[in-house]
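Values reported hereafter were calculated over all heavy atoms of this structure, with side chains retained and with hydrogens, waters and symmetry mates removed. Predicted model, so just to flag it, every value in this text is computed and none were measured.
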Amino acid sequence: MQKLLSSPFSGEIFTNPKEWIIFFIFLGGVLFYNLFSAYKDYKSYQQPDAYEIRGEVKIQYLKEKNDKKYFVLKLQDSKNYTFYLTSFEDLKDITYRKVRVYGKIGRCSFWKFLKSCYFQAYKISLLPDKDYKKPLRGFIDKQHEDLNSAILYKALFFGDGVNLEWRNFSNVTGIAHLIAISGFHLGVLSGILFVLFSLFYKFFQKYYFTYRNIFYDLGFLVLLCMYGYLVFLDYQPAFFRAFLMALLGYVFYFSGVKILSFKMLGIVVVICLAVFPSFIFNIGFILSASGVFFILLFVKYIPKKRWWSYVLWFDICIFLLMGIVVHFYFPYFSPYQFVSILISLMFVIYFPIVLITHIFGIGGIFDRVYIEALKFDIPFIEFYAPWYLLVFYMFLCVFAIFSKKFFYGALGVSVIFYVFLFIRFLLR
């Protein structure tokens, strides 16, 4: 038998410039079509007279300004455009209810329209349409006497928004990426499903189809389940990016193409942006793609050690490398955020446990922990990373693809940034 000089899974997806050109021309056409369609929708909303829109209330919270209290509603219409409304009425909780809103859009450019616009609401009416997730949410609620605990699990399982208490706590402690559904959750769920399916698959494979490849067969089955979950989550951007990457990874693996590569990440990102141009403004998508980018850098330059040591260094490095990007969007810093490194390691065990306990109706076993955690007054400071620091940092990161020195340079800048935040915290 001839010895292979390279891995059978090290091939390139495109082997010549012509294939890349065809690929980008095709994606350019997809992007142009979707932008043109979005622009037509934008113009349809630009009406001088009041009109009606219908959608689902995703988030509802109370605000106060000039001694006046009012509700802010985040509405997603049937075409997945996002609008923010305000109401001075004494509203009940209408989160996840279908509503009909009579009013008109405020001043809003096309690019802002792709992200979200303010809709001046004159009248809000509930629709009889029922949310198909309501029974599942009710099943979660019945297992918790504490409302905040139920909110946490609905965010973990259904991708629901969290209230102000959890939002502040997750931002200050640095665990927002664990609560918001992303590629991390897809990886954990895929691993759980693969293990469960393999228990049955191996038995039948042994007696009926020994010639089959378990990774091909179960990989397809797991992807099918994850696609169903993606639909259930209403194509949330971060999870969609992760699913598309997993799908392409499966296709690449089946075709003998290199899976873990910057080219693959780039292809996934441009496909997502071509199909959904609004993703360019979605913070969850940006942070998710950035996280994968830094994972690829870590794998490329950090030598493998004992598994526990490698996993620990992995979490530490990704935490540091993500710092400047995260603080460009979120200002909160506390030394307690470093605890999130250990929490991320524990999450791989925690998530399957809470998923199983909720399936069997005993999901309230950790409620006391959450109640006490939210009572804890965590000291913090606020600091946004300036844009010029982000540009310089991304310059280092891009060149780190080709040079180990730039990688350690980017890591060094991240460490210095956190030292600066820590000193600023001590001097607060």
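- You'll find the ring centres of Phe169 and Tyr336 outside the 6.0 Å limit.
- The local environment of OH in Tyr310 is crowded, with over 12 non-hydrogen atoms from other residues, nucleotides or ligands closer than 6.0 Å.
- Crowding of Lys79 atom NZ: a count of heavy atoms from other residues, nucleotides or ligands under 6.0 Å not exceeding 12.
- Closest heavy-atom contact between Ser149 and Trp166: N-NE1, 4.5 Å.
- Going from atom NZ of Lys263 over to atom CG of Leu296 covers 13.5 Å, rounded to the nearest 0.5 Å.
- A salt bridge is defined here as a Lys NZ or Arg NE, NH1 or NH2 lying under 4.0 Å from an Asp or Glu carboxylate O, and Glu56 with Lys58 meets this definition.
- Ring geometry, Phe243 versus Tyr227: the interplanar angle falls from 30° to 60°, so the pair is classed tilted.
- Ring geometry for Tyr153 against Tyr350 counts as parallel: the plane angle stays under 30°, on a 0 to 90° scale with 60° as the upper cut.
- Ser278 places none of its side-chain heavy atoms less than 4.5 Å from the side chain of Lys115.
- At most 12 heavy atoms of other shown residues, nucleotides or ligands fall within 6.0 angstrom of atom CD in Glu145.
- Within the 4.5 Å cutoff, the side chain of Ile151 has no heavy atoms near those of the Asp160 side chain.
- Among Phe158, Phe157, Phe351, Phe139, the single residue meeting the ring-ring contact (aromatic ring centres under 6.0 Å, His included) criterion with His358 is Phe157.
- Nearest heavy atom pair, residue Ala155 against residue Val162, reads CB-CG1, 3.6 Å.
- The closest side-chain heavy-atom distance from Ile353 to Phe366 is below 4.5 Å.
- The cationic atom of Arg137 (NZ for Lys, CZ for Arg) lies less than 6.0 Å from the six-membered ring centre of Tyr96 and within 45° of the ring axis.
- Relative ring orientation between Tyr393 and Phe294 is described as tilted, the plane-to-plane angle lying within the 30° to 60° band.
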Q | Derivation and outcome, side chain to side chain contact (heavy atoms under 4.5 Å, CB included), residues Val311 and Leu345 | A | CA-CA 8 Å; Val311 170; Leu345 293 172; 3.2 Å; yes
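- Side chain of Ser198 to main chain of Val195: a donor-acceptor pair is present (N/O by atom type, distance under 3.5 Å, no hydrogens or angles).
- Residues Val325 and Leu287 meet the side-chain proximity criterion, which asks for heavy atoms closer than 4.5 Å.
- In terms of modelled atom types and a separation under 3.5 Å, the side chain of Ser170 and the main chain of Arg167 share a donor-acceptor contact.
- Checking side-chain atoms of Gln143 against main-chain N and O of Gly363 turns up a donor-acceptor pair under 3.5 Å.
- Annotation: side chain of Asp77 is not in contact with side chain of Arg54 (no heavy-atom distance under 4.5 Å).
- Pro277 and Leu35 get closest at one heavy-atom pair: CB-CD2, 3.7 Å.
- Between Ile179 and His185, the shortest heavy-atom distance links the atoms O-NE2, 4.4 Å.
- Between Phe417 and His327 the shortest side-chain heavy-atom distance falls below 4.5 Å.
- By the neighbour-count criterion of 12 heavy atoms within 6.0 Å, atom CD1 of Ile349 is sparsely surrounded, having that number or fewer from other residues, nucleotides or ligands.
- In this structure, CZ on Arg241 lies 13.0 Å from CD1 on Ile271, to the nearest 0.5 angstrom.
- For Tyr84 and Phe119, the ring centers are positioned 6.0 Å apart or more.
- In this structure, a donor-acceptor pair under 3.5 Å is absent between the side chains of Ser340 and His177.
- Taking SG of Cys272 as the reference point, atom CG of Leu27 lies at 10.5 Å (rounded to 0.5 Å).
- Using a 30° and 60° split on the angle between ring planes, Phe338 and Phe319 fall in the tilted class, from 30° to 60°.
- The ring-ring contact (aromatic ring centres under 6.0 Å, His included) test with Phe399 singles out one residue from Phe392, Tyr408, Phe406, and that residue is Phe406.
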Q: Please report the C-alpha distance between Phe407 and Ile302 in whole Å, then the side-chain angles of each, then the deciding distance to 0.1 Å, and finally whether the side chain to side chain contact (heavy atoms under 4.5 Å, CB included) criterion is met.
A: CA-CA 10 Å; Phe407 168 73; Ile302 301 299; 3.9 Å; yes
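- Checking Phe330, Tyr329, Phe328 one by one against Val326, the side-chain contact (heavy atoms from CB on, under 4.5 Å) holds for a single residue, Phe330.
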Q.
The test is side chain to side chain contact (heavy atoms under 4.5 Å, CB included); show your working for Phe293 and Leu321 and say whether it passes.
A. CA-CA 10 Å; Phe293 176 79; Leu321 290 169; over 6 Å; no
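- Heavy-atom contacts from other residues, nucleotides or ligands closer than 6.0 Å to CZ of Phe360 number 12 or fewer.
- Note: Phe110 and Tyr39 have perpendicular aromatic rings, judged against thresholds of 30 and 60 degrees for the angle between ring planes.
- Here the CG-NZ distance, from Leu75 to Lys98, works out to 9.5 Å after rounding to the nearest 0.5 Å.
- Annotation for Ile280: atom CD1 does not count as buried by contact number, only 12 or fewer foreign heavy atoms lying within 6.0 Å.
- Taking the six-membered ring where tryptophan is involved, the planes of Phe314 and Phe298 are perpendicular, since the angle between them exceeds 60° and thus also 30°.
- Shortest non-hydrogen contact noted between Leu273 and Leu31 is O-CD1, 3.6 Å.
- Using cut-offs of 30° and 60° for the angle between ring planes, the Phe240 and Tyr235 rings count as tilted.
- In the model, Asp217 has a side-chain atom that pairs as donor or acceptor with a side-chain atom of Tyr201 under 3.5 Å.
- Not a single donor-acceptor pair under 3.5 Å links the side chain of Asp146 to the backbone N or O of Arg368.
- Contact annotation: the side chain of Thr173 never approaches that of Gln337 to less than 4.5 Å [non-hydrogen atoms, C-beta and beyond].
- The CZ atom of Phe281 sits 11.5 Å away from the NZ atom of Lys112 when rounded to the nearest 0.5 Å.
- Figure legend: Lys133 and Phe232 shown as a cation-pi pair, the cationic atom lying under 6.0 angstrom from the six-membered ring centre and within 45 degrees of its axis.
- Panel note: side chain Tyr33, backbone Gly28; no donor-acceptor pair is recorded below 3.5 Å.
- In this model, a donor atom of one side chain and an acceptor atom of the other lie less than 3.5 Å apart for Tyr81 and Asp41.
- Under the 30°/60° scheme for interplanar angles, the aromatic rings of Phe333 and Tyr418 are found to be tilted.
- Considering every non-hydrogen atom in both Ile175 and Ile343, the closest pair reads CG2-CD1, 4.0 Å.
- Within a 6.0 Å sphere centred on CZ of Arg428, heavy atoms belonging to other residues, nucleotides or ligands number more than 12.
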Q: Could you walk me through whether Tyr118 and Ile105 pass side chain to side chain contact (heavy atoms under 4.5 Å, CB included), step by step?
A: CA-CA 6 Å; Tyr118 173 73; Ile105 198 171; over 6 Å; no
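- Between Tyr45 and Phe83 the shortest side-chain heavy-atom distance falls below 4.5 Å.
- In this structure, Phe383 has its ring center under 6.0 Å from that of Phe420.
- Taken from CG in Leu342 to CG in Leu312, the straight-line distance is 7.5 Å, to the nearest 0.5 Å.
- A donor-acceptor pair under 3.5 Å is absent between the side-chain atoms of Ser288 and the main chain of Gly284, judged by distance alone.
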